[in-house]
Protein chains: 2
Amino acid sequence: MITIKDVAKHAGVSVSTVSYVLSGKRPISTATSQRVRRSIRELGFHPNAGARALASSRTNVLALVVPLRTDLNLPVIMQFVSSIVTTAREHDYDVLLLTKESGADEVHRVIASARADAVIVMDVEAHDPRIPALRELDVPVVLVGVPADSAGLNCVDLDFSSSGARMVAHLADLGHRSVGFIGSPPAVYERKTGYATRFLSGFARCAQQRGVMVHVHPCAPTFTSLSSCLDKLLLPEVGITGLVVHNEAVLADVVLELRRRDRRVPEDISVIALCPDVMAATQPVPLTSIAVPAEEVGAIAVQMLMRRLAGERSSEVRLLDPHLTDRGSTITAPHMADR
Amino acid sequence: MITIKDVAKHAGVSVSTVSYVLSGKRPISTATSQRVRRSIRELGFHPNAGARALASSRTNVLALVVPLRTDLNLPVIMQFVSSIVTTAREHDYDVLLLTKESGADEVHRVIASARADAVIVMDVEAHDPRIPALRELDVPVVLVGVPADSAGLNCVDLDFSSSGARMVAHLADLGHRSVGFIGSPPAVYERKTGYATRFLSGFARCAQQRGVMVHVHPCAPTFTSLSSCLDKLLLPEVGITGLVVHNEAVLADVVLELRRRDRRVPEDISVIALCPDVMAATQPVPLTSIAVPAEEVGAIAVQMLMRRLAGERSSEVRLLDPHLTDRGSTITAPHMADR
DNA sequence: TTCGGCCATTGAAGCGTTTCGATTTCCGGA
DNA sequence: TCCGGAAATCGAAACGCTTCAATGGCCGAA
């Protein structure tokens, strides 16, 4: 195994000089620096991570807590992870994988044993039981998702509230006056899972401002549940001309079922969804949608961490502006009389 | 920060004694051991990973290379990862996450800098370009998947060849004499991606043995491609009574399209698929299937690694027996005359 | 009573870095 | 010619653990 000693000998300098060349923490003459770098290259030297961690109390590793058992929105999770790993590497950090299922104890262990310098926790819920333990940690922590009490925490997520508002505004701009909402399963709202509630409240608030009538129906991930939602929404007296869907599980069926009921999208009804872009794009009728910007969220999470690691003291909650992609499934509202 | 020194002082023993209590590498009297353990608990001591690694040249970390950009079979990948992380933790190992996209260099870096003791590489292809570099590593490596030349490598995967054979046997036992095969996209076979080819050859070999006629059609992941496959397969003169599907992308459409063409499953045609269990179970007609036993593969991968880390020298290729789950979509072949 | 031998425990030498004075070198100004 | 000081480099002390050789106690056999 090649050590820094070998490099020093090979380059004819002291061990500390090699170290300073590598870290740049002291000025080294260009000549020496180049000679050292050359030796490093020729010998194929890689600094021993353990020794480095021991001496500097920096591991250059960040722990990432991922919900691996999730059955839903795997694509989004993968995008997060992928973007986090990539961004971390750009900052010369490696990523240690922890599962959400194993809880906050594992995070504590990893930090207490100095295996990682910081933590990113994905899939944080409004009243996440892990939060007290995470607060105790005296290393930087970034949460993906926003808990009910976010004081003193670093969080990043899509701005669900303004996403809801944005969708209403989009439909209102197109002249829609009555809009349906197919939501997540009732349990999700009861549990106050946070993002679902925030999306809905942004939706409702904007609708009120714009004078749009809304008809909200949570929907279990079953065909029968969806079917009964649509039964109610499509009653003539309800007269919706737009439909907002926040439920990935039934999204495909919404589209199929509307067609089966002879409602054309978008001629008879405009549909807009909150879901991954691929999902929106691959429906029989490509759907206008807002997606969770997973790549961006991941990258920002890492950047927030890096700033904290660099000494920044403050904490912040970053809510990302929604980006609405128009795929043509939303058009000017038909006049009621036309139906 | 609590160190082993603090524990030693607190327990009134030497530092080395604490170490031996922890590692069990020397006999320690029960009295002392308990006193030490109590101190550890009371002080909340966690051994510093870096120091440990430095002194013992063991990191208790394994590197896991995951294909994060994959769009397909994410569920399977997640199952792998989940099972690998869980099993690794049972052996007191943590998992460092690397992406397939970043290539073999990253693996080399991680090993050369002693960040990890061993490597698991997922999604290995027949002529995987990373293999030469992986062979050079002088740490244990386990591949999930079997490359064309597996000599001297540790590999684990489903036995695709016998899976193909098993499906034919299942259908043959039910009296089917003519069977269709909807395969992966042509490119997959041309690239000799390994598992697809092996599955197909096991299928063909067994069919010949059992005197079953086979009609093989690779299929692109598009509706038109599928449609033309079915056009050919459902010609009266072909007379298939069974259908094997090895193409997750079009599986759902196969079922829908058969129905649209008035072929009932299983009364008119028996269908069996190679796909994740959830996928098979959630079709309109639950499908008899063979699944990649991801949990098992992951656990075995870790176990193989642990044995190598414990000093075992040999290498092995483990092909797991397929497990066929009958969900009722395959029944006794109808007589030709009935049609 | 003495001694060999075993068991439990200890002290100290690393492991490969980083980092903090300390030292050397070199330069310009007096 | 000498000196002060900046720039570049060096030496050695940590960092917290493992592990090896050595020590001390104790027991049973002689």
Side-chain angles (χ1 to χ4, degrees), chain A residues 1-37 39-40 43-61 92 94 109-117 309, chain B residues 1-37 39-40 43-61 92 94 109-117 309:
Chain A
M1 193 199 192
I2 308 290
T3 75
I4 199 175
K5 228 176 195 166
D6 302 320
V7 175
K9 201 170 297 171
H10 187 272
V13 298
S14 76
V15 162
S16 45
T17 301
V18 177
S19 177
Y20 286 124
V21 167
L22 247 27
S23 71
K25 295 194 176 177
R26 288 234 179 137
I28 298 287
S29 71
T30 348
T32 308
S33 172
Q34 285 180 350
R35 199 148 30 91
V36 169
R37 285 179 200 290
S39 298
I40 289 177
L43 298 179
F45 167 67
H46 287 261
N48 181 292
R52 206 165 225 198
L54 183 56
S56 67
S57 35
R58 269 293 180 97
T59 62
N60 273 42
V61 169
D92 204 31
D94 276 301
R109 176 185 62 80
V110 161
I111 296 301
S113 61
R115 255 185 210 291
D117 298 331
L309 284 169
Chain B
M1 194 200 193
I2 307 291
T3 75
I4 199 175
K5 225 175 193 165
D6 302 320
V7 175
K9 200 171 297 171
H10 186 274
V13 297
S14 75
V15 162
S16 45
T17 301
V18 177
S19 176
Y20 286 124
V21 167
L22 247 26
S23 72
K25 294 193 177 179
R26 292 252 175 120
I28 298 288
S29 70
T30 347
T32 308
S33 171
Q34 285 180 348
R35 198 147 32 89
V36 169
R37 285 179 200 291
S39 299
I40 290 177
L43 298 179
F45 167 67
H46 287 262
N48 181 293
R52 204 166 229 198
L54 183 55
S56 66
S57 37
R58 269 294 180 96
T59 63
N60 273 42
V61 169
D92 203 29
D94 276 302
R109 175 184 62 80
V110 161
I111 296 302
S113 60
R115 257 185 208 291
D117 299 331
L309 284 169

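Here the structure is a predicted model, which means the values were calculated and not measured. A, B, ... follow the sequence lines: proteins, then strands. Residue 1 opens every chain.
- Rounded to an integer number of Å, the gap from B:Lys25 NZ to C:dT10 C1' is 18 Å.
- Atom NE2 of B:His46 and atom C1' of D:dC15 are 19 Å apart (whole Å).
- When atom types are taken as modelled, the side chain of A:Asp117 and the backbone of A:Thr59 share a donor-acceptor pair closer than 3.5 angstrom.
- In this entry the distance linking CZ of B:Arg35 with C1' of C:dT9 reads 11 Å, nearest Å.
- For B:Asp6 and D:dC17, the CG to C1' distance is 13 Å, given to the nearest whole Å.
- Counting heavy atoms from C-beta on, the side chains of A:His10 and A:Val7 never come closer than 4.5 Å.
- Phosphate proximity of C:dT9 to B:Thr32: present, with a side-chain N or O under 4.0 Å from OP1 or OP2.
- Each of A:Ile28 and B:Ile2 has a nearest nucleotide on DNA chain D; the 5'-most of these lies closest to A:Ile28.
- We find the CZ-CD1 distance between B:Phe45 and B:Ile40 to be 6.5 Å, quoted to the nearest 0.5 Å.
- Note on A:Val15: a base of the nucleic acid sits closer than 4.0 angstrom, heavy atoms only.
- Side-chain proximity of A:Ala55 to the nucleotides C:dA8, D:dT9, D:dC15 is greatest for D:dC15.
- Inter-residue side-chain proximity for A:Leu22 and A:Arg52 is flagged as met; some heavy-atom pair is nearer than 4.5 Å.
- Residue contacts for A:Ser23: at a heavy-atom cut-off of 4.0 Å it reaches no nucleic acid atom on any strand shown.
- Atom CG of A:Leu54 and atom P of C:dC15 are 14 Å apart (whole Å).
- Looking at the side chain of B:Arg26, the nearest of the listed nucleotides C:dG16, C:dT18, D:dA22 is D:dA22.
- Of the candidates D:dC10, D:dT18, D:dC15, the closest approach to any side-chain atom of B:Ile4 belongs to D:dT18.
- With rounding to whole Å, B:Arg52 atom CZ is found 18 Å from C:dG16 atom C1'.
- Residue-level contact check: B:Ser57 touches neither bases nor backbone, having no heavy atom under 4.0 Å from any strand.
- The residues B:Asp94 and A:Arg109 are annotated as salt-bridged, a charged nitrogen and a carboxylate oxygen being separated by less than 4.0 angstrom.
- If you check D:dA21, C:dA8, D:dT18 against the side chain of B:Ser29, the one that comes closest is C:dA8.
- For B:Asn48, taking side-chain heavy atoms from C-beta onward, the closest of the listed nucleotides D:dC10, D:dG16, C:dT10 is D:dG16.
- Residue-level contact check: B:Thr3 touches the backbone only, with heavy atoms under 4.0 Å from sugar-phosphate atoms and none from bases.
- Within the nucleic acid shown, A:Ser16 comes within 4.0 Å of at least one base atom, counting heavy atoms only.
- For B:Tyr20 against D:dC17, a side-chain-to-base donor-acceptor contact under 3.5 Å is absent.
- Put simply, NZ on B:Lys5 is 12 Å from P on C:dA12, counting in whole angstrom units.
- In terms of modelled atom types and a separation under 3.5 Å, the side chain of B:Asn48 and the main chain of A:Leu54 share no donor-acceptor contact.
- At the heavy-atom level, A:Pro47 lies under 4.0 Å from the strands shown only through sugar-phosphate atoms.
- Separating the CG atom of B:Asn60 from the P atom of D:dT18 is a distance of 10 Å, rounded to the nearest angstrom.
- Remark: B:Ser19 is not in phosphate contact with D:dT19, judged by side-chain N or O atoms under 4.0 Å from OP1 or OP2.
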